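Quick note: residue numbers are just sequence positions, from 1. Just so it is clear, the values below take in all heavy atoms, side chains as well, and ignore hydrogens, waters and symmetry mates. The structure presented is a predicted model; accordingly, all values stated were derived computationally and were not measured.
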Amino acid sequence: MWQIFTQKNEGLAIQSTLGRMQKALEMEKKYEQHIGEVNYIDYKKEYIPFNHAFFPFLFKRKSFQYEKEIRIISDVSKHNLIIDNGLKIDVDIDQLIEKIYIHPKSENWYKNLVIELVKRLGFDFEIEKSDLESDILI
């Protein structure tokens, strides 16, 4: 996934859990939030149930199942909003982020930059370089 979602060996991955996401959103009182795990299906053989208004947003082609995606859907229907550039949602970042992984092929200056930025912003997340590219001893 590093190759798919990053360029120039610079990128971050944030580790969280469903529980952490739910707690991180507790401070958001303005909009109703729906959190769900994405279901990966074969659209030729399976169908999307429409039992709930948000189900269609929780399905994706089976070829993307490696993403193991969780989506947060905000219900703004009661607020008569026109959304062109996204929606600001209050989130407790300390609660959301468990750990930050740095691209396995990134250079030391990049790792140091991430560590310094996180520190300057007043956070204390565990940060480590991904060991995906390391040699495995057998």
Side-chain angles (χ1 to χ4, degrees):
M1 287 188 30
W2 290 109
Q3 292 173 341
I4 295 170
F5 293 109
T6 63
Q7 296 177 358
K8 301 180 186 176
N9 300 335
E10 298 167 9
L12 304 173
I14 295 171
Q15 179 178 315
S16 192
T17 64
L18 183 56
R20 289 181 80 92
M21 291 175 103
Q22 290 169 326
K23 286 181 183 173
L25 285 167
E26 284 178 358
M27 61 191 297
E28 174 55 57
K29 305 291 184 204
K30 216 184 285 182
Y31 310 113
E32 186 179 338
Q33 304 293 324
H34 300 271
I35 302 174
E37 190 175 342
V38 172
N39 299 285
Y40 300 95
I41 64 170
D42 180 344
Y43 286 109
K44 292 178 183 176
K45 298 176 183 172
E46 301 168 89
Y47 71 97
I48 298 172
F50 286 90
N51 306 2
H52 191 282
F54 296 100
F55 276 3
F57 300 103
L58 297 173
F59 286 83
K60 206 168 181 178
R61 274 191 231 116
K62 204 171 201 91
S63 59
F64 292 103
Q65 67 188 4
Y66 63 89
E67 294 178 341
K68 298 181 182 173
E69 185 178 347
I70 293 176
R71 292 188 177 171
I72 301 169
I73 303 162
S74 299
D75 184 355
V76 298
S77 59
K78 299 172 187 166
H79 298 274
N80 198 24
L81 296 174
I82 297 173
I83 301 173
D84 290 332
N85 297 316
L87 180 67
K88 183 179 184 243
I89 299 292
D90 290 324
V91 176
D92 181 347
I93 298 295
D94 279 314
Q95 185 61 53
L96 177 68
I97 299 174
E98 184 174 345
K99 189 178 206 176
I100 296 176
Y101 289 95
I102 299 174
H103 195 293
K105 292 183 179 178
S106 67
E107 296 183 28
N108 281 336
W109 69 265
Y110 185 74
K111 179 181 178 183
N112 293 336
L113 177 68
V114 171
I115 291 168
E116 180 62 28
L117 181 59
V118 167
K119 190 166 115 181
R120 277 193 193 183
L121 292 172
F123 297 111
D124 189 30
F125 306 125
E126 185 178 345
I127 301 171
E128 74 176 54
K129 197 167 182 178
S130 172
D131 65 355
L132 193 63
E133 298 291 323
S134 67
D135 294 331
I136 298 174
L137 300 174
I138 299 176

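Here the straight-line distance linking atom NE2 of His79 with atom CD of Glu32 works out to 9.0 Å at 0.5 Å rounding. Residue Ile48 holds its CD1 atom at 5.0 Å from CD1 of Ile41, rounded to the nearest 0.5 Å. Between the NZ atom of Lys105 and the NZ atom of Lys129 there is a distance of 11.0 Å, given to the nearest 0.5 Å. To the nearest 0.5 Å, atoms CD (Glu126) and CG (Asp124) are separated by 10.0 Å. One finds the NZ atom of Lys30 at 15.5 Å from the NZ atom of Lys78 (value rounded to the nearest 0.5 Å).
Environment of CD in Gln7: sparse, with no more than 12 heavy atoms of neighbouring residues, nucleotides or ligands closer than 6.0 Å. Enclosure of atom NZ in Lys23 is not indicated, since only 12 or fewer non-hydrogen atoms of other residues, nucleotides or ligands lie within 6.0 angstrom. Taking a 6.0 Å sphere around CD of Glu128, one finds it holds more than 12 heavy atoms contributed by other residues, nucleotides or ligands.
In the hydrophobic clustering of ILVMFWY residues, with side-chain heavy atoms under 4.5 Å counting as a link, Leu121 and Val91 come out together. Residues Tyr47 and Tyr40 fall into different hydrophobic clusters, defined by Ile, Leu, Val, Met, Phe, Trp and Tyr side chains chained together at heavy-atom separations under 4.5 Å. Cluster annotation: Ile97 is connected to Ile115 through the hydrophobic network of ILVMFWY side chains, with a link wherever side-chain heavy atoms come within less than 4.5 Å. Residues Trp109 and Val118 share a hydrophobic cluster, clusters being chains of Ile/Leu/Val/Met/Phe/Trp/Tyr side chains in contact below 4.5 Å. Cluster annotation: Tyr31 and Ile70 are assigned to the same hydrophobic cluster (Ile/Leu/Val/Met/Phe/Trp/Tyr, side-chain heavy-atom contacts under 4.5 Å, transitive).
Contacts of Ala13 classified as side-chain contact (heavy atoms from CB on, under 4.5 Å), with partners at least two apart in sequence or in another chain: Trp2, Tyr101.
Pairs of residues two or more places apart, or lying in two chains, that qualify as salt bridge (charged side-chain N to carboxylate O under 4.0 Å, His left out) and include a residue from residues 84-96 are Lys88-Asp90.
Looking only at side-chain heavy atoms (C-beta outward), Arg71 and Leu58 come within less than 4.5 Å of each other. Side-chain contact between Glu67 and Val38 is absent, with no heavy atoms from C-beta onward closer than 4.5 Å. Side-chain contact between Phe123 and Ile100 is absent, with no heavy atoms from C-beta onward closer than 4.5 Å. With contacts defined as side-chain heavy-atom distances shorter than 4.5 Å, the pair Ile89/Ile72 does not qualify. For the pair Leu96/Met21, a side-chain contact is recorded, criterion being any heavy-atom separation below 4.5 Å from C-beta on. Counting heavy atoms from C-beta outward, Phe55 and Asn39 have side chains that stay 4.5 Å or more apart. In this structure, Ile14 and Phe125 have side chains that are not in contact, with every pair of non-hydrogen atoms separated by 4.5 Å or more.
Between the side chain of Lys60 and the main chain of Phe57, no donor-acceptor pair closer than 3.5 Å is present. Between the His103 side chain and the Tyr110 main chain, no donor and acceptor come within less than 3.5 Å of each other. Checked by atom type and distance alone, the side chain of Lys111 never pairs as donor or acceptor with a backbone atom of Ile102 at under 3.5 Å. Remark: side-chain polar atoms of Arg20 are paired, donor with acceptor, to backbone N or O of Gln95 under 3.5 angstrom.
Contact record, Ser74 with Gln33: OG-OE1, 3.0 Å, taken as the closest heavy-atom pair.
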